[in-house]
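Both ligands and their constituent atoms are indexed starting at 1 by order of listing. All values below come from the heavy atoms of this structure, side chains included, with hydrogens, waters and symmetry mates left out. What you see is a predicted model; the values in this text were computed from it and never measured. Throughout, numbering of the chain's residues begins at 1 and tracks the sequence.
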Amino acid sequence: MSNLNPKLSTTLRLSPVIPVLVIDRTADAVPLARALLAGGLKVLEVTLRTPAALDIIEVLARQVPEAVVAAGTVTNPRQWEQAARAGAKFMVSPGLTPALIEASADLSAPLLPGVATASELMTALDAGFNCFKFFPAQQAGGIGMLKAFHSPFPDAQFCPTGGITPALAPDYLQLPNVACVGGSWLAPADLVKAGEWEQIRSLAEGAASLVRR
Ligand code: 3PG
């Protein structure tokens with residue numbers, strides 16, 4: 001089965017920025033998601049980096065159905081299956097392994113695999129993927145690297161993530177092969193902890209107003 005996923009490329013273009021969320025307390029999930037949505041961001045990545053992450057995905061799928069919730073930091077097929085069962089609409093992984101490629105034949109929720117080099121990209125394109133997380137974006141060559149990828153790999157679409165700031169995001173979004181960018185700056189731990197939802201809404205509003213090429 002091909003991993004070519006026209007739906008994923010449409011989803012990635014719903015908003016210019018995907019907030020990468022590390023949420024400790026389940027109780028924060030709904031107000032956080034609502035603040036991000038109120039600011040105009042529709043796609044949220046809940047990373048599987050906290051014990052509560054799967055519960056949080058389930059709660060958001062039920063209580064904030066207007067958000068497109070992805071599971072992030074999915075590193076193996078078991079997590080993919082668990083996150084899909086919890087209601088994640090797609091999976092984001094920092095890299096791509098043979099086990100994830102194999103699982104993509106059976107698991108229906110799409111995967112946005114991480115790539116950082118031309119060889120990784122070639123392996124992933126061969127496996128049928130066409131949308132990628134470019135990770136870690138700033139450390140792996142940033143804008144120059146994505147420009148260099150475009151000519152040999154014109155069909156590859158990217159969501160660069162890792163080290164991207166509000167100041168860097170506009171330049172990434174001008175690239176023809178960038179569908180959106182990802183970043184954790186939308187939900188700083190101190191603001192989440194303090195329940196500063198209005199400040200988070202305002203950060204989201206700034207990100208949602210970024211212009212994509
Ligand atoms: C990720 O988990 O995708 C990245 O670590 C997010 O990177 P950032 O914290 O530099 O935005």
Side-chain angles (χ1 to χ4, degrees), residues 8 11-12 14-24 28-29 32-33 35-36 39 41-54 56-57 60 67-76 79-80 82-83 88-97 100 109-117 120-121 124 129 131-146 156-173 175 177-193 196 199-200 202-208 210 212:
L8 188 52
T11 301
L12 294 180
L14 285 174
S15 303
V17 181
I18 298 182
V20 175
L21 307 174
V22 182
I23 313 173
D24 287 309
D28 290 332
L32 173 59
L36 293 164
L41 300 178
K42 300 182 180 73
V43 185
L44 316 178
E45 179 185 331
V46 176
T47 60
L48 302 188
R49 295 182 207 171
T50 64
L54 286 171
I56 285 169
I57 290 170
L60 291 179
V68 179
V69 177
T73 326
V74 171
T75 58
N76 59 56
Q79 289 175 323
W80 186 340
Q82 290 173 326
K89 295 288 189 298
F90 68 97
M91 310 299 151
V92 186
S93 62
L96 187 58
T97 63
L100 285 172
L111 174 69
L112 182 71
V115 295
T117 67
E120 290 169 10
L121 187 50
F129 293 93
C131 294
F132 306 96
K133 168 170 173 159
F134 175 49
F135 178 80
Q138 275 299 101
Q139 297 83 344
I143 286 173
M145 188 74 156
L146 286 169
Q157 286 290 304
F158 297 92
C159 170
T161 307
I164 299 185
T165 61
L168 290 167
D171 289 340
Y172 275 98
L173 290 166
L175 301 180
N177 52 354
V178 167
C180 59
V181 303
S184 63
W185 82 84
L186 284 313
D190 54 335
L191 293 189
V192 174
K193 201 166 167 209
E196 296 283 2
Q199 282 197 55
I200 288 177
S202 164
L203 287 173
E205 202 170 81
L210 292 175
R212 198 169 18 211

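- Near ligand 1, residues Val20, Arg49, Lys133, Phe135, Thr161, Gly162, Gly163, Gly183, Ser184 each place a heavy atom inside the 4.0 Å sphere around the ligand atoms.
- In this structure, Asp190 CG and Glu196 CD are separated by 8.5 Å, a value rounded to the nearest 0.5 Å.
- Lys42 contributes atom NZ, which lies 6.5 Å from atom CG of Leu14 (distance to the nearest 0.5 angstrom).
- Heavy atoms only, all atoms of each residue included: Leu60 and Ala29 are closest at CD2-O, 3.6 Å.
- Under the ring pair (Phe, Tyr, Trp, His ring centres under 6.0 Å) criterion, Phe90 pairs with no residue at all, not counting sequence neighbours.
- Scanning both residues, Cys159 and Leu112, for their nearest heavy atoms gives CB-CD2, 4.2 Å.
- Between Ala204 and Ala35, the shortest heavy-atom contact is CB-O, 4.3 Å.
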